[in-house]
Amino acid sequence: MRDLGVGFGYLMKGQRWVAGHGRWFGFGLLPGLVTLLLYTAALVGLVLGADDVTAWATPFADDWSSPWLGIFRGTLTALLFAFGLFVAVITFTAVTLLVGQPFYENLSEQVDRSEGGDVPHSGLPLWRELWISARDSLRVVLRVVCYGVLLFACGFIPVVGQTVVPVIGFCVSGFFLAEELTAVALQRRGIELKERLALLRGRRMRTLGFGVPLTLAFIVPFVAVFLMPGAVAGATLMARDLVPDPAADPAPAQPGPYTFRKAD
């Protein structure tokens with residue numbers, strides 16, 4: 001349980017870091033604001049066009065009598081908007097990180113620099129980093145969708161579906177949100193998605209302590225915009241503790257892309 005508090009502590013430290021570095025806070029807000037505007041425009045377009053899409057997709061119902069036609073298409077329209085909102089929520093962070101890749105890379109590097117020690121660089125061109133980020137984000141989103149479908153089905157189980165399943169859902173979302181955020185710092189350290197997931201599973205409670213409170217806050221995208229810079233800073237601080245500084249251990253026992261830090 002101690003690791004839950006440690007993970008939450010990284011989140012708070014990240015918010016304090018950007019609060020003490022106002023220029024970097026403003027710098028980190030830009031990608032979130034751009035993404036929020038894009039998502040708002042997309043959702044407004046969905047609201048305005050959902051009725052037409054539903055009517056186009058259900059021509060067989062044109063001759064249905066009232067009120068069945070209105071009930072049927074109204075239900076489908078509501079489900080279409082709910083699905084669009086669900087997609088927006090689970091992809092907002094990934095798209096924001098992709099849009100703001102150069103911004104958050106610089107922010108993460110500045111956190112590393114302010115904490116001392118080595119400041120890792122991937123050495124990859126920007127287009128390659130963007131491609132890797134987009135590919136990994138898609139893999140993470142697909143994992144979240146698969147878990148979401150499974151948990152949705154489990155939600156119909158009496159009692160358990162209304163109590164345990166929502167808690168598991170937030171834990172799953174928090175874990176993958178932490179993965180997406182720590183990816184900014186870990187990707188600079190040459191750690192691939194598979195190794196990142198293994199690294200975070202090894203400190204699962206710490207990861208949940210960081211990711212679950214953030215998931216609860218990120219339910220409101222507008223809040224996510226203002227928390228994102230501090231979330232990236234906090235994720236960088238967590239990544240620094242999960243992966244040792246090469247400069248501090250010039251001769252690791254096992255050569256490889258990274259070395260695990262011993263558990264506290």
Side-chain angles (χ1 to χ4, degrees), residues 14 24 27-43 45-46 83-112 119-149 172-201 207 210-211 214-215 218-219 221-222 224-236 238-239 242-243 257-258:
W24 288 99
F27 190 71
L29 281 179
L30 294 177
L33 290 172
V34 171
T35 306
L36 181 62
L37 290 174
L38 292 175
Y39 271 64
T40 300
L43 288 174
L46 180 61
F83 178 74
L85 190 61
F86 170 74
V87 171
V89 170
I90 67 172
T91 61
F92 182 83
T93 301
V95 173
T96 301
L97 291 173
L98 184 61
V99 170
Q101 178 77 14
F103 294 85
Y104 295 132
E105 284 277 352
N106 288 334
L107 173 59
S108 181
E109 288 179 8
Q110 185 62 30
V111 173
D112 272 329
V119 180
H121 296 278
S122 66
L124 298 174
L126 178 59
W127 70 268
R128 178 66 177 169
E129 290 184 349
L130 290 174
W131 162 250
I132 293 173
S133 296
R135 180 196 65 191
D136 289 350
S137 293
L138 179 60
R139 291 175 177 175
V140 169
V141 168
L142 289 176
R143 283 177 167 86
V144 173
V145 170
C146 289
Y147 278 109
V149 171
V172 170
S173 299
F175 179 87
F176 285 109
L177 177 59
E179 191 287 321
E180 289 183 284
L181 290 166
T182 54
V184 177
L186 295 178
Q187 188 174 308
R188 287 192 293 110
R189 289 162 166 81
I191 302 179
E192 298 292 336
L193 175 61
K194 184 177 180 179
E195 288 94 10
R196 293 200 300 265
L197 291 173
L199 183 62
L200 294 175
R201 287 192 195 104
T207 303
F210 178 84
L214 207 51
T215 298
F218 274 25
I219 291 176
F222 189 74
V225 171
F226 288 93
L227 293 182
M228 184 65 81
V232 172
T236 301
M238 184 164 73
L242 291 174
V243 181
Y258 65 90

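Predicted model, so just to flag it, every value in this text is computed and none were measured. Positions are given from 1, in the same order as the sequence printed here.
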Rounded to the nearest 0.5 Å, what separates atom [atom1] in [X] from atom [atom2] in [Y]?
X: Leu193; Y: Glu179; atom1: CG; atom2: CD; value: 5.0 Å
X: Leu30; Y: Met228; atom1: CG; atom2: CE; value: 13.0 Å
X: Leu242; Y: Met238; atom1: CG; atom2: CE; value: 5.5 Å
X: Leu97; Y: Leu181; atom1: CG; atom2: CG; value: 5.5 Å
X: Lys194; Y: Leu199; atom1: NZ; atom2: CG; value: 14.5 Å

| task | With sequence neighbours excluded, tell me which residues meet side chain to side chain contact (heavy atoms under 4.5 Å, CB included) with Phe175. | result |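 Counting only residues at least two positions away or on another chain, Phe175 forms a side chain to side chain contact (heavy atoms under 4.5 Å, CB included) with Leu197, Leu200, Arg201, Thr207, Leu208.
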| message | Checking the side chain of Ser108 only, and the main-chain atoms of Tyr104 only, is there a donor and an acceptor separated by less than 3.5 Å? | response |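 Looks like no, no N/O pair under 3.5 Å.
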| said: Quick one: does any side-chain atom of Gln101 pair with a main-chain N or O of Leu98 as donor and acceptor, under 3.5 Å? | reply: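 Absent.
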| message | Once ring-ring contact (aromatic ring centres under 6.0 Å, His included) is applied, do any residues pair with Phe103, and if so which ones, sequence neighbours excluded? | response |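 For Phe103 the ring-ring contact (aromatic ring centres under 6.0 Å, His included) partners, ignoring immediate neighbours, are Phe27.
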Run the side-chain donor-acceptor check on residues 134-141: report pairs under 3.5 Å with partners two or more places apart or on a different chain.
from	atom 1	to	atom 2	distance (Å)
Asp136	OD2	Arg196	NH2	3.0
Ser137	OG	Ser133	O	2.8

| Positive for side-chain contact (heavy atoms from CB on, under 4.5 Å) with Val34, one of Leu38, Leu36, Leu37 |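 Answer after filtering Leu38, Leu36, Leu37: Leu38.
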| field | Residue of the set Val232, Leu29, Asn106 for which side-chain contact (heavy atoms from CB on, under 4.5 Å) holds with Trp24 | value |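 Of the listed options, the one satisfying the test is Asn106.
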| field | Qualifying salt bridge (charged side-chain N to carboxylate O under 4.0 Å, His left out) pairs, either residue in residues 85-106, two or more places apart | value |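 Pairs touching residues 85-106 that pass the test: Glu105-Arg188.
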| Taking every non-hydrogen atom, the tightest pair across Pro31 and Gly28 |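 Nearest pair, atom of Pro31 first, then Gly28: CD-O, 3.4 Å.
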Distance-only donor-acceptor pairs under 3.5 Å for side chains of residues 83-93, two or more places apart:
from	atom 1	to	atom 2	distance (Å)
Thr91	OG1	Tyr39	OH	2.7
Thr91	OG1	Val87	O	2.6

